[in-house]
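Presented below is the structure to which this report refers.
Reminder, nothing fancy here: chain letters follow the sequence lines and each chain counts from 1.
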Amino acid sequence: MALREMGLMEINWSKGCRAKLPLSRVRFTHHLDHPMVLWQVTNTSRALVDQFTRKSKSLYTFLILCCRVGNFRVEPPALFRGRGEHPKMGKLKKRIWPSDITINIGKGAPIPECPIPGQRWKEIRHDNTVTWLAFWNDPINPKEFKYVFLAASSSLKGQSDKEKYEKARLLKDYIQGIRAAYTKDFASKDVTKRQIAVATYLIDKLALRAGNEKDDDEADTVGCCTLKVENVEPLPPNILKFDFLGKDSIRYQNEVEVEPPVFKAIQQFRTGKSGGDDLFDELDTSKLNAHLKELMPGLTAKVFRTYNASITLDEMLSRETKGGDVAEKVVVYQHANKEGILNGLKTDLARSKKGKPPLKGADGKPRKNLNPDALERKIVQTTAKVEKMERDKETKEDLKTVALGTSKINYLDPRITVAWCKRHEVPIEKIFNKSLLAKFTWAMDIDPSFRF
DNA sequence: ACGCAGACTTGGAATAATATTA
DNA sequence: TAATATTATTCCAAGTCTGCGT
C-alpha cells in the first residue's frame, strides 16, 4: 500500500523545513518502528506537508503519520453519573493535572512542554509496543486507566479493524465444525463441557456477550458466563425466558425456543441452586475463551457477534438486490442492515432504542414540579408524538426507528458494503457518512466480487 | 489455575450541526 | 425565519481480552 494511503508522508527534515513546521501541533512518537512525527492534520498543515514532499531532494529522515488524535482532552471535573444502579453514582470526579499524566513519545524526542507553569508530567515513557499517546488513572476507579489514542480514521486503527474482520471471516471456515461440536456436547457427561457447550450456543445464537466477573463497586450487570439462575427461566416444553441487565444496564428480555437438549441442560444447571447463584458455576470467560481458542486460532466470544452480523448482511444483500434505481437499492441496503441487526444483535442494539435502563433513584424523587396545565400539555404533546411514531413505524416499515449507524461502526465488515456498492453502482456516500468514510478508508479499494 | 494490571473495543447519551417544516 | 426534526459528532462509561507474576 502506498504510504499516502496509509496516512503516512515522508518528508525531508532538513534545516530549511524545520522552521516552517507548526511545531505547536507536532508530537514525536515512534509507532510502527519508525521515528515519526504525529500531526493533527489541518488543511494548512497538509498543504505544508505537500510542499515539503515536492521540494525535498535529499534523504528522508522522518515519517509523518498524518492522522488525527482521538480524544486529546482530559475529562473535566464533574459528578460521576455511571449507568444503571451504579454504586459510585454522584461521586466527585476530580480534576486531572499534568502530574497525573504519563506520556508516550519517541526515544530522544523533545518532551512536550508542560502547559501549567511549575508543574511537570508524571512520567515520560518510550514504549513503541502500545498505541496510546498518554494515560492517567481514572479518578473514579484509580485501578483503571484513561487513554489518549489515535482517531478511528487513523491507519493504525484501520489496520486492527481489518484484522478484526479477517478473524471473523476465518470463523466461517470453522463454524460448521464448532456448531457440530457444541451440539454434541449438550449431552456430555462432563458438566464443564456441557456448560461450555450451552454457553457457546447462547453466544452464537443470541449474540450474548462473554460476561466477565465484575467488582462489587460496579453496577450489577451480567453477560453469558455470569448469568444467574433467576435470569433464565425454562418454560416447558423448550422455551427459555431471559431477563437480565446487560452492558450499560440495558435490560435484555427474550423468549427463545431452543433445542431440547439445551433446555434440559439449563434445567439441570439450575437444580439445587437459588436465584442469585451462577447458572454456569463451572465457567468464566477465560475458561470459555481458552476452549474457543482450541477450536480456532484467536477465537474468542466477541468474534461471534462480528461474524454473525457481517455474514447476515452479506447474505441479505446478495439475496435481496435485484434491480431498480439507486434509491431502491439504498432501501434494500437499509433493509438488509436492519434485518442484520435484528437477526444477529437484536439483543440490545435494537432493543435499546425502546426501553431505557432503570435509573430509579433510591427515593424515586420526582422531577421538578410542573404546574398541572403544563403537565397536561406535555402529556397531550407526548401522546401525539407517540401516535405519529406508531404511524411512521407502520408506513416506513420501521426503517427509521432502528439506528443503523451503531452496528455499521462496529460489527459489519465495511468491505461487504463497499463491494456491494461497486457491483450495483451505488455511490458509497449514500451509505457511509463522512466519518464512516474516513474510518473505513482501508476498505475502499476492495474488489467488487468480495464476499464476507 | 488464578488474580490482577493493562490496553484496547464497544456503545449509549449528550450535544452540535444540519435539514425540514410551519 | 423560527421552531422542530433528523443526523452527525463528541464524550466517556463499560465492556472484552491478554499477559504476567505467583
Side-chain angles (χ1 to χ4, degrees), chain A residues 68 70-76 78 80-84 86 88-89 91 93 96 102 104 125 127 129-153 156-157 160-161 163-165 167 203 207-215 217-226 245-250 284-290 292-293 298-306 309 341 345 347-357 359 381 385 388-389 392 400-401 403-411 432-439:
Chain A
R68 303 176 70 107
N71 54 322
F72 49 86
R73 265 192 283 257
V74 295
E75 294 158 24
F80 176 77
R81 185 111 82 94
R83 309 206 174 123
H86 201 294
K88 294 192 171 178
M89 183 190 295
K91 213 179 156 218
K93 188 165 73 176
I96 301 299
T102 300
N104 190 21
R125 293 212 199 149
D127 187 350
T129 67
V130 294
T131 68
W132 56 266
L133 311 179
F135 84 87
W136 58 94
N137 287 90
D138 178 3
I140 289 299
N141 191 347
K143 299 281 116 199
E144 287 172 9
F145 311 91
K146 298 283 190 177
Y147 296 90
V148 172
F149 290 125
L150 295 182
S153 53
L156 225 65
K157 292 284 192 192
S160 72
D161 210 27
E163 284 162 12
K164 175 183 78 182
Y165 289 113
K167 190 188 278 184
I203 284 168
L208 298 193
R209 295 190 181 78
N212 286 300
E213 301 292 335
K214 296 189 75 181
D215 281 345
D217 58 1
E218 298 174 279
D220 192 14
T221 62
V222 301
C224 185
C225 291
T226 42
L245 295 182
K247 181 177 179 181
D248 295 316
S249 292
I250 288 165
D284 62 37
T285 53
S286 61
K287 278 183 201 151
L288 180 68
N289 281 335
L292 293 177
K293 275 198 177 55
L299 184 61
T300 61
K302 79 196 263 282
V303 181
F304 285 89
R305 285 170 80 84
T306 314
I341 299 168
L345 307 174
T347 56
D348 41 44
L349 283 180
R351 194 174 310 264
S352 69
K353 298 293 149 202
K354 297 171 190 160
K356 297 274 179 205
L359 273 174
Q381 248 177 31
K385 216 176 196 173
K388 183 178 185 299
M389 281 175 75
D392 285 356
K400 289 258 167 97
T401 61
L404 305 172
T406 320
S407 63
K408 260 195 245 182
I409 294 171
N410 292 316
Y411 292 113
F432 289 158
N433 65 28
K434 199 172 111 237
S435 29
L436 251 27
L437 284 172
K439 174 174 167 146

Worksheet item: Below 4.5 Å, heavy atoms only, C-beta onward: do A:Phe80 and A:Asn141 meet side chain to side chain?
Response: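 A:Phe80 vs A:Asn141: side chains apart.
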Worksheet item: Taking C-beta and beyond as the side chain, do A:Arg125 and A:Val130 meet within less than 4.5 Å on heavy atoms?
Response: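 They are not in side-chain contact.
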Discussion item. Whether A:Arg81 contacts B:dG12 is assessed here as follows: a side-chain N or O lying under 4.0 Å from the phosphate OP1 or OP2. Is that the case?
Written reply: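 No, A:Arg81 has no side-chain N/O under 4.0 Å of OP1/OP2 on B:dG12.
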Discussion item. Taking only side-chain N and O atoms of A:Lys146, does any of them lie within less than 4.0 angstrom of OP1 or OP2 on C:dA13?
Written reply: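 True: A:Lys146 side-chain N/O within range (under 4.0 Å) of C:dA13 OP1/OP2.
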Practice prompt. Could you check which of C:dG15, B:dG12, B:dT9 has an atom nearest any side-chain atom of A:Ile250?
Written response: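 Of the candidates, B:dG12 comes closest.
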Discussion item. Nearest to the side chain of A:Asp248, heavy atoms from C-beta on, is which of B:dG11, C:dT9, C:dC12?
Written reply: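 Between B:dG11, C:dT9, C:dC12, the one nearest the side chain of A:Asp248 would be B:dG11.
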Check the distance between [N]'s [atom2] and [X]'s [atom1] and give it to me in whole angstrom.
X	N	atom1	atom2	value
A:Glu218	C:dG15	CD	C1'	10 Å
A:Asn71	B:dT10	CG	P	16 Å
A:Asn141	B:dC4	CG	P	13 Å
A:Asp215	B:dG3	CG	C1'	11 Å
A:Arg209	C:dA14	CZ	C1'	9 Å
A:Phe72	C:dT10	CZ	P	9 Å
A:Asn433	C:dA8	CG	P	5 Å
A:Lys93	C:dA13	NZ	C1'	9 Å

Could you list all N or O pairs between the protein and nucleotides 17-19 of chain C that sit under 3.5 Å apart?
{"unit_1": "C:dC17", "atom_1": "OP1", "unit_2": "A:Thr300", "atom_2": "OG1", "d": "2.7"}
{"unit_1": "C:dC17", "atom_1": "OP1", "unit_2": "A:Ala301", "atom_2": "N", "d": "3.2"}
{"unit_1": "C:dC17", "atom_1": "OP1", "unit_2": "A:Lys302", "atom_2": "N", "d": "2.7"}
{"unit_1": "C:dC17", "atom_1": "OP2", "unit_2": "A:Asn289", "atom_2": "ND2", "d": "3.0"}
{"unit_1": "C:dT18", "atom_1": "OP1", "unit_2": "A:Lys293", "atom_2": "NZ", "d": "2.5"}

Worksheet item: So what does the secondary structure string of DNA chain B come out as, 5' to 3', with Watson-Crick or wobble pairs under 3.5 angstrom, [ ] for crossing and | for pairs with another strand?
Response: ||||||||||||||||||||||
Worksheet item: Mind checking whether A:Phe135 and A:Tyr147 have parallel, tilted or perpendicular rings, split at 30° and 60°?
Response: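 Ring orientation, 0 to 90° scale: tilted.
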Tabulate atom names and distances for all N/O pairs under 3.5 angstrom spanning the protein and nucleotides 5-7 of chain B.
{"unit_1": "B:dA7", "atom_1": "OP1", "unit_2": "A:Trp132", "atom_2": "NE1", "d": "3.3"}
{"unit_1": "B:dA7", "atom_1": "OP2", "unit_2": "A:Tyr147", "atom_2": "OH", "d": "3.0"}

Discussion item. Need to verify one output field. Residue with the more 5' nearest nucleotide on DNA chain C, A:Glu144 or A:Lys434?
Written reply: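 Final value for this comparison: A:Lys434.
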Discussion item. Test side chain to side chain contact (heavy atoms under 4.5 Å, CB included) on A:Phe432 and A:Lys439; report intermediate values, then the result.
Written reply: CA-CA 10 Å; A:Phe432 289 158; A:Lys439 174 174 167 146; over 6 Å; no
Worksheet item: Excluding sequence neighbours, so at least two apart, what forms salt bridge (Lys or Arg N to Asp or Glu O under 4.0 Å) with A:Asp217?
Response: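 Salt bridge (Lys or Arg N to Asp or Glu O under 4.0 Å) check on A:Asp217 returns A:Lys88.
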Value rounded to 0.5 Å, distance of [atom1] in [X] from [atom2] in [Y]:
X	Y	atom1	atom2	answer
A:Thr226	A:Lys214	OG1	NZ	8.5 Å
A:His86	A:Thr221	NE2	OG1	9.0 Å
A:Glu75	A:Lys146	CD	NZ	4.0 Å

Discussion item. Just to be sure I understand the rule, does A:Gly223 reach a base, reach only the sugar-phosphate, or reach nothing, if contact means heavy atoms closer than 4.0 Å?
Written reply: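 No contact.
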Worksheet item: Just checking A:Lys157: base, sugar-phosphate only, or nothing, at a heavy-atom cut-off of under 4.0 Å?
Response: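 A:Lys157: backbone/sugar contact only, no base atoms under 4.0 Å.
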Worksheet item: Quick one: does A:Asn104's side chain have a donor or acceptor within less than 3.5 Å of a partner on A:Asp127's backbone?
Response: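 Flag set: sc A:Asn104 to bb A:Asp127 pair under 3.5 Å.
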Worksheet item: With sequence neighbours left out, what residues match A:Thr300 under side chain to side chain contact (heavy atoms under 4.5 Å, CB included)?
Response: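 Testing A:Thr300 for side chain to side chain contact (heavy atoms under 4.5 Å, CB included), a comparison that skips the adjacent residues, returns A:Asn289, A:Lys293, A:Lys302, A:Val303.
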Discussion item. Can you list everything that forms a side chain to side chain contact (heavy atoms under 4.5 Å, CB included) with A:Ser286? Sequence neighbours excluded, please.
Written reply: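 If we apply the side chain to side chain contact (heavy atoms under 4.5 Å, CB included) test to A:Ser286, skipping adjacent residues, the hits are A:Asp284.
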Worksheet item: For A:Ser160 and A:Asp284, take the nucleotide of DNA chain B holding the closest heavy atom to each; which residue's nucleotide lies nearer the 5' end?
Response: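 Closest to the 5' end, via its nearest nucleotide, is A:Asp284.
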Discussion item. With side chain to side chain contact (heavy atoms under 4.5 Å, CB included) as the criterion, how do A:Phe304 and A:Leu299 come out once you've worked through the C-alpha distance, each side chain's angles and the decisive distance to 0.1 Å?
Written reply: CA-CA 9 Å; A:Phe304 285 89; A:Leu299 184 61; 4.2 Å; yes
